[in-house]
2 protein chains.
Amino acid sequence: MTATTEKPMRADARRNREKVIEAARAEFASEGQDAQMPDIAKRAGVGVGTVYRHFPTKEALVEALVRDHFSRIADLAEAAVDAEGEPWDRFISLATICGERCASDRGLAAAVAGSREILGVIAEQETRLRAATTRLIEEGRATGQVREDATVEDVSMLMCSLACIADMENTRPDFSWRRYVEVAFEGMRAR
Amino acid sequence: MTATTEKPMRADARRNREKVIEAARAEFASEGQDAQMPDIAKRAGVGVGTVYRHFPTKEALVEALVRDHFSRIADLAEAAVDAEGEPWDRFISLATICGERCASDRGLAAAVAGSREILGVIAEQETRLRAATTRLIEEGRATGQVREDATVEDVSMLMCSLACIADMENTRPDFSWRRYVEVAFEGMRAR
DNA sequence: CCCGAAACGGACTTCTCCTTCCACTTTATA
DNA sequence: TATAAAGTGGAAGGAGAAGTCCGTTTCGGG
């Protein structure tokens, strides 16, 4: 669907595009949701014009970041389904890896939580994510490791809250998303 | 400390102050962190000037809201310590009541998560909250209902994540903070 | 090596809010 | 009820951040 017409991009343009994305990630992580376009440009070592050449609006830039983020997470979830080991252990390592991703992409949780519009952007990735998650918890239920009444939404909520906690580590040094996985995700275990 | 010199306020002023606070709460709940001062004024049925008479800046208004919010939650936690019943049940009802509060004060979670400065504002309430929480989980551990390694920070994280989930119910209808309490808080139980 | 197209940079414009200011209204006191 | 003080409303000011525009630079095929 929507086969993007492959148009070769000039080498420097592609390089700059990457620099901008990387700078934006860093800037959002440290400044939160109100990171500024000129600052992103400065951090990337380019002019604002260049940023706008690649992303017509700030919103588009955020969307690209968010899409990329969710895409990676969906990949990880799919990998967790096919991985070796007990379902429960795979579930927990998925949570851990997601935690790591969220910790390095700080600021994005707020973007997703804050806007209704962005939900459309991640629809496709979320479908993949749900599919993978569903299989994972079904396996877990089958082996009696995951609680009987567990649902995909439970996992979604846990993942989102994990992202929030990872986000908050910026401002709250007493928080630890790793510890959070140990505690909150334990609630999914069968008793 | 800081004995606020009691100065009688004119009746209409006090009424308007309440209207502004109420309107601000509603506006932040529906618009999120970027609710606008003129909109708050409009919703309260007053002019912007009046809003600024009571709260010198937008920040001050948010602070008042946040302080009030945490103050109520700290009250609830203290009540939970002294309440009847099993420690575990009191812990869960505390979580539930907090969920209710967060659900009606939507938008504040983001305010707290987003700014380092606001942490100072709630310092006093948080101390009270920590004290109450500590007692609650100690009782729970003593009766073998709460996991041995539970800490106050665990509870803080759970409460904050609960607030985030309640917040997200605006944009994500598949989320339910009540269900979240059933799942995530279960991770605090002794096994 | 040359030239046209693509990409760049950053000063400048535009737009969106927060906040101020002050003439006017309401309250409380004598 | 008259008067001073307190409070009010909303137009206008101002700060700051998003986005535009165009002269200059860089790339890559011939």
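Computed from a prediction, not measured in an experiment: that's the story for all the values here. Below, read A as the first sequence line, B as the second, and so on, with proteins coming before strands; counting in each chain starts at 1.
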**Q** Is B:Asp68 salt-bridged to B:Arg72, going by a charged N under 4.0 Å from an acidic O?
**A** yes
**Q** Regarding C:dA6, can its base be found pairing with the side chain of A:Arg10 as donor and acceptor, where the two atoms are less than 3.5 Å apart?
**A** yes
**Q** I want to verify a distance call: between C:dA28, C:dC8, C:dT19, whose nearest atom is closest to the B:Thr57 side chain?
**A** C:dT19
**Q** Quick check on the hydrophobic clustering: are B:Val121 and B:Met159 connected, directly or via other members, by side-chain heavy-atom contacts under 4.5 Å?
**A** no
**Q** Check the surroundings of atom NZ in B:Lys42: do more than 12 heavy atoms from other residues, nucleotides or ligands lie under 6.0 Å from it?
**A** no
**Q** May I have the distance from B:Arg14 (atom CZ) to C:dA28 (atom C1'), rounded to whole angstrom?
**A** 13 Å
**Q** Write down the distance between CZ (A:Arg15) and C1' (C:dA6), rounded to a whole number of angstrom.
**A** 14 Å
**Q** Between A:Thr57 and A:Glu59, does any side-chain donor sit less than 3.5 Å from a side-chain acceptor?
**A** no
**Q** Please state how far atom CD in B:Glu27 lies from atom P in C:dC17, giving the value in whole angstrom units.
**A** 12 Å
**Q** Find the distance B:Ile40:CD1 to C:dC17:C1' and express it as a whole number of Å.
**A** 12 Å
**Q** Which part of the nucleic acid, if any, lies within reach of B:Ala35 when heavy atoms closer than 4.0 Å are counted: base, sugar-phosphate only, or nothing?
**A** sugar-phosphate
**Q** Decide yes or no on ring-ring contact (aromatic ring centres under 6.0 Å, His included) for A:Phe91 and A:Trp88, but give the supporting numbers first.
**A** CA-CA 5 Å; A:Phe91 175 57; A:Trp88 178 262; 5.6 Å; yes
**Q** Taking atom C1' of C:dT20 as reference, at what distance in whole Å does atom CZ of B:Phe55 sit?
**A** 18 Å
**Q** Listing request: all salt bridge (Lys or Arg N to Asp or Glu O under 4.0 Å) pairs with a residue in residues 103-114 of chain A, at least two apart in sequence or in separate chains.
**A** A:Arg25-A:Asp105, A:Arg101-A:Asp105, A:Arg106-A:Glu169
**Q** At the 4.0 Å heavy-atom cut-off to chain A, mark where contacts on DNA chain D begin and end, going 5' to 3'.
**A** D:dA17 to D:dG28
**Q** State the NZ-CD distance between A:Lys58 and A:Gln36, to the nearest 0.5 angstrom.
**A** 7.0 Å
**Q** Provide, to the nearest angstrom, the distance between the CE atom belonging to A:Met9 and the P atom belonging to C:dA6.
**A** 12 Å
**Q** Calculate the interatomic distance between B:Met37 atom CE and C:dT20 atom P; express it in whole Å.
**A** 10 Å
**Q** Check every strand shown and say whether B:Ala11 touches a base, only sugar-phosphate, or nothing at a heavy-atom separation below 4.0 Å.
**A** sugar-phosphate
**Q** Rounded to the Å, how far apart are B:Asn16 CG and C:dT26 P?
**A** 12 Å
**Q** How is A:Ala60 classified with respect to the nucleic acid when contacts are heavy atoms under 4.0 Å: base, sugar-phosphate, or nothing?
**A** nothing
**Q** Which residue lies toward the 5' end of DNA chain C, B:Asp12 or A:Arg17, if each is placed at its nearest nucleotide?
**A** A:Arg17
